[in-house]
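Order of the sequence lines fixes the chain letters, A, B, ..., with proteins taken first and strands second; residue numbering starts at 1 for each chain.
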2 protein chains.
Amino acid sequence: MGITKSHIFTVKENKLAKYAKALGHPARISILKLLAKKQACVCGDIVDELPLSQSTVSQHLKELKEAGLIKGDIEGASVCYCIDEKEWKNAQASINQLFDSYKDKVGSCC
Amino acid sequence: MGITKSHIFTVKENKLAKYAKALGHPARISILKLLAKKQACVCGDIVDELPLSQSTVSQHLKELKEAGLIKGDIEGASVCYCIDEKEWKNAQASINQLFDSYKDKVGSCC
DNA sequence: AATGGTAATCGTAATATTGCGATTAGATTA
DNA sequence: TAATCTAATCGCAATATTACGATTACCATT
């Protein structure tokens, strides 16, 4: 139905999925890389760096903001976007917890 | 247009986004956790663990397989699903590379 | 050969995503 | 105040995702 049955999963699973979903688009990866390098913090600079329209970039920024990965401070007429340090680390830790839960195979199947 | 302009991004960015997208649903997180713990390797066991229909689980498994994170070996009538060790490590490394590219803020903006 | 179990696929419906042009709201400058 | 610049939002179209029941294909038993 295009709608996820979130209630049957844990809060933690949903939060992790939300982080991952935000990372699940190359444009958003690209934006985050720009923000990480701090070469572009102002929205307009991001638009200039990517071959996407202003409205499209704005929407991607909105999704990253809703996932919690970034935050935007209004600076006069423009908006300064930055990575949310706390959530960024939290996301990394959550993802690594999943990856690390897999111990090297001992044989069994496959 | 609901279709991603993949060609304007790098292969690496697209690959990372693909991994993240696969992780972007709580059901798939849940499945991967089961596989990581090896409590469920056979498809049927996964279906039993989750309150989702067989066809829905099968579809999620397909997406995880297409992203490369898991593989399935046919064992008689049933199918044994396991994490693809190599791709798993590759995915973790790619994601961490992005996260680690952000150095703690020194001030600038936000 | 007939039956039963397992898992992929098909078809369908509801909803979400991606992308853009156009418009709008706020701040800045002339 | 008028003109301008910035970024969010609206409206739309194309496509993708999520979910399920039904069907199908394939093993394994009987």
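Using bins of under 30°, 30° to 60° and over 60° for the plane-to-plane angle, the ring pair B:H60/B:H25 lands in the tilted bin.
The interatomic distance linking A:H60 (NE2) with C:dA16 (P) rounds to 18 Å, in whole Å. When the C1' atom of C:dG19 is taken as reference, atom NZ of A:K62 falls 14 Å away, rounded to whole Å. Rounded to whole Å, atom P of C:dA27 lies 14 Å from atom CD of A:E75. The CD-P distance, from B:E63 to C:dA16, rounds to 17 Å in whole Å.
Contacts of B:Q59 with the nucleic acid, taken as non-hydrogen atoms under 4.0 Å apart, include base atoms. Residue-level contact check: A:I74 touches neither bases nor backbone, having no heavy atom under 4.0 Å from any strand.
Across A:A67 and A:K15, no two heavy atoms sit closer than the pair O-NZ, 3.9 Å.
Residue A:S53 places at least one side-chain N or O under 4.0 Å from the OP1 or OP2 atom of C:dC20.
No side-chain heavy atom of A:C43 sits under 4.5 Å from any side-chain heavy atom of A:S58. A:K33 places a side-chain heavy atom less than 4.5 Å from the side chain of B:L98.
The stretch residues 12-30 of chain B touches DNA chain D through B:K21, B:H25, B:R28, each having a heavy atom within less than 4.0 Å of the strand.
Around the CD1 atom of B:I74, the shell of radius 6.0 Å holds no more than 12 heavy atoms that belong to other residues, nucleotides or ligands.
Ionic pairing of B:E87 and B:K65 is not present here: no N-O contact between side-chain nitrogen and carboxylate oxygen is shorter than 4.0 angstrom.
A single hydrophobic cluster is not seen to contain both B:V42 and B:I31; linkage of ILVMFWY side chains at heavy-atom distances under 4.5 Å, directly or through other members, places them apart.
Annotation: of the two residues near DNA chain C, A:P51 and A:G76, the 5′-most nearest-nucleotide partner is A:P51.
Of the possible donor and acceptor atoms, none in the side chain of A:D45 sits under 3.5 Å from a partner among the backbone N and O of A:C41.
Residues A:T4 and A:S6 bring no donor and acceptor atom of their side chains to less than 3.5 Å of each other.
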Can you pull every protein N or O that's under 3.5 Å from an N or O on nucleotides 6-8 of chain D?
{"from": "D:dA7", "atom 1": "OP1", "to": "A:V79", "atom 2": "N", "distance (Å)": "3.0"}
{"from": "D:dA7", "atom 1": "OP2", "to": "A:G44", "atom 2": "N", "distance (Å)": "2.8"}
{"from": "D:dA8", "atom 1": "OP1", "to": "A:Y81", "atom 2": "OH", "distance (Å)": "2.2"}
{"from": "D:dA8", "atom 1": "OP2", "to": "A:S58", "atom 2": "OG", "distance (Å)": "2.7"}
{"from": "D:dA8", "atom 1": "N7", "to": "A:Q54", "atom 2": "NE2", "distance (Å)": "2.8"}
{"from": "D:dA8", "atom 1": "N6", "to": "A:Q54", "atom 2": "OE1", "distance (Å)": "3.0"}

